[in-house]
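Starting from 1, each residue takes its place in the sequence as its number.
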Amino acid sequence: MGVDYHVVVNHGWPGWVRNAVTRYLNRLGREIQNDAERLAPVKTGRLRASLYHEVNRGELRVGVREVPYWMAVEYGSGPHIITPKTKKALYWPGADHPVAKVNHPGTPAQPFLRPALLKRRGRL
């Protein structure tokens with residue numbers, strides 16, 4: 001008495017795996033993006049609206065698009081001098097008079113992207 005086992009590999013399995021990985025990465029990306037949106041400080045909503053995630057060829061990217069100040073929010077900024085770029089002086093509503101420069105004290109970090117990534121790192 002004998003037994004034979006036959007294993008037939010469906011040639012479509014690489015596509016199934018690729019699709020499953022893509023779905024998983026999209027779900028994970030959405031969770032990370034949601035966490036980052038919850039953690040992002042809101043003044044105008046521009047930073048929060050610029051957060052995105054995308055999956056391409058098995059690679060997940062989560063980040064910020066077209067908001068040049070995101071790093072100053074995420075990491076903070078040290079004291080620095082602000083000078084005019086196109087005019088001779090700086091002026092803003094409420095200022096007593098125009099000034100040639102402003103000594104900015106810097107801003108504290110308000111991390112939103114790194115904590116969102118770290119929260120989900122066990123799922124990667």
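- Between L60 atom CG and N26 atom CG the span is 8.0 Å, to the nearest 0.5 Å.
- Between L39 atom CG and L113 atom CG the span is 9.5 Å, to the nearest 0.5 Å.
- A search for salt bridge (Lys or Arg N to Asp or Glu O under 4.0 Å) contacts involving R23 returns nothing, not counting sequence neighbours.
- At a threshold of 4.5 Å between non-hydrogen side-chain atoms, the residues D35 and R120 count as touching.
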Output side-chain donor-acceptor pairs under 3.5 Å for residues 44-52, partner residues at least two apart or in another chain, one line each.
{"unit_1": "T44", "atom_1": "OG1", "unit_2": "R46", "atom_2": "N", "d": "3.2"}
{"unit_1": "R46", "atom_1": "NH2", "unit_2": "E66", "atom_2": "O", "d": "2.9"}
{"unit_1": "R48", "atom_1": "NE", "unit_2": "E37", "atom_2": "O", "d": "2.9"}
{"unit_1": "R48", "atom_1": "NH2", "unit_2": "E37", "atom_2": "O", "d": "3.1"}
{"unit_1": "S50", "atom_1": "OG", "unit_2": "L47", "atom_2": "O", "d": "2.7"}

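- Residue V42 belongs to no hydrophobic cluster, having no ILVMFWY side-chain heavy atom closer than 4.5 Å to its own.
- Rounding to the nearest 0.5 Å gives a distance of 11.0 Å between CZ of R18 and CZ of R57.
- Clustering ILVMFWY residues whenever any of their side-chain heavy atoms sit less than 4.5 angstrom apart, transitively, puts V17 in the very cluster that holds L28.
- Counting heavy atoms from C-beta outward, Y24 and N19 have side chains that stay 4.5 Å or more apart.
- Sorted by first and then second residue, the ring-ring contact (aromatic ring centres under 6.0 Å, His included) pairs with a member in residues 66-86 read H80-H104; sequence neighbours excluded.
- Atom CD of Q33 is separated from atom CG of L117 by 11.5 Å, given to the nearest 0.5 angstrom.
- For the residue pair P41 and V73, the shortest heavy atom distance occurs at CG-CG1, 3.6 Å.
- By the side chain to side chain donor-acceptor pair (under 3.5 Å) test, T22 pairs with no residue at all, sequence neighbours left out.
- Residues passing the salt bridge (Lys or Arg N to Asp or Glu O under 4.0 Å) test with R65, sequence neighbours excluded: E54.
- Contacts of N34 classified as side chain to side chain donor-acceptor pair (under 3.5 Å), with partners at least two apart in sequence or in another chain: R30.
- In terms of the side chain to side chain donor-acceptor pair (under 3.5 Å) criterion, residue partners of R114 (sequence neighbours excluded) are, by chain and number, E74.
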Would you mind writing out the side-chain donor-acceptor pairs for residues 85-97 within the sub-3.5 Å range, not counting sequence neighbours?
none

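- Residues A116 and A36 come closest through the heavy atom pair CB-N, 3.5 Å.
- The side chain to side chain donor-acceptor pair (under 3.5 Å) check on S77 picks up T107, with sequence neighbours excluded.
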